[in-house]
Amino acid sequence: MNTAHLIERIKAEIAELQTADAATAQDRKAVELDQQSVGRLSRMDALQVQAMAQAESRRRSQRIQALKAALKRAAEDELGYCQDCGEPIAEARLDLDPAATRCIDCARGMG
């Protein structure tokens, strides 16, 4: 397993998520409720955009935390090992998700 490659992928994904979060900061701001400047339907659309942007930001934040936890496991030489059974996680699984914490058997409840 190429841990250095996984670490680089994790760092790149964190940077990408942080950039995306910064780019949508405006969409998450409070929606003005002044009916003089914005019509009711436009305000409803703005509230919907805000809610979706906030939900996406929460998902990005959760993913960043999982990736940072993976970096911590890498620093402790535990990246790529199942947290349940201690066996190595398949490289194919780590290719799909470098932050994976469980082997496929434990993830399926068969470990």
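Values in this document were obtained by computation on a predicted structure and should not be read as measured data. Only heavy atoms go into these numbers, but all of them, side chains included; no hydrogens, no water, no symmetry mates.
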**Student:** Which value, rounded to the nearest 0.5 Å, describes the distance between D95 atom CG and I89 atom CD1?
**Tutor:** 12.0 Å
**Student:** If I compare all heavy atoms of A107 with all of R93, which pair ends up nearest, and what's the gap?
**Tutor:**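 Closest pair (atom of A107, atom of R93, distance): CB-NH2, 3.5 Å.
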**Student:** Which atoms form the tightest heavy-atom contact between L79 and P98, and what is the distance?
**Tutor:**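 Looks like CD1-O, 3.7 Å.
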**Student:** Does E91 CD have over 12 foreign heavy atoms under 6.0 Å away?
**Tutor:**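 No, CD of E91 has 12 or fewer neighbouring heavy atoms, counting only those of other groups under 6.0 Å.
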**Student:** Of all the heavy-atom pairs spanning C103 and C82, show the shortest one and how long it is.
**Tutor:** N-SG, 3.4 Å
**Student:** Return the minimal non-hydrogen interatomic distance between G80 and L94, and the atom names on each side.
**Tutor:**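 Taking every non-hydrogen atom into account, CA-CD1, 3.7 Å.
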**Student:** Mind checking the CD-CD spacing from E76 to E78? Nearest 0.5 Å is all I need.
**Tutor:**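 Between E76 CD and E78 CD, I get 5.0 Å after rounding to 0.5 Å.
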**Student:** Counting only pairs under 3.5 Å, give me each side-chain donor-acceptor contact of residues 57-75, with atom names and distances, residues two or more places apart or in other chains.
**Tutor:**
| residue | atom | partner | partner atom | Å |
| --- | --- | --- | --- | --- |
| S57 | OG | D21 | OD1 | 2.8 |
| R59 | NE | E56 | OE1 | 3.2 |
| R59 | NH2 | E56 | OE1 | 2.8 |
| R60 | NE | D21 | OD1 | 3.2 |
| R60 | NH2 | D21 | OD1 | 3.1 |
| R60 | NH2 | T24 | OG1 | 2.8 |
| R63 | NE | E13 | OE2 | 2.8 |
| R63 | NH1 | D97 | OD1 | 2.9 |
| R63 | NH2 | E13 | OE1 | 3.3 |
| R63 | NH2 | E13 | OE2 | 3.4 |
| R63 | NH2 | D97 | OD1 | 2.9 |
| R73 | NH2 | A99 | O | 3.1 |

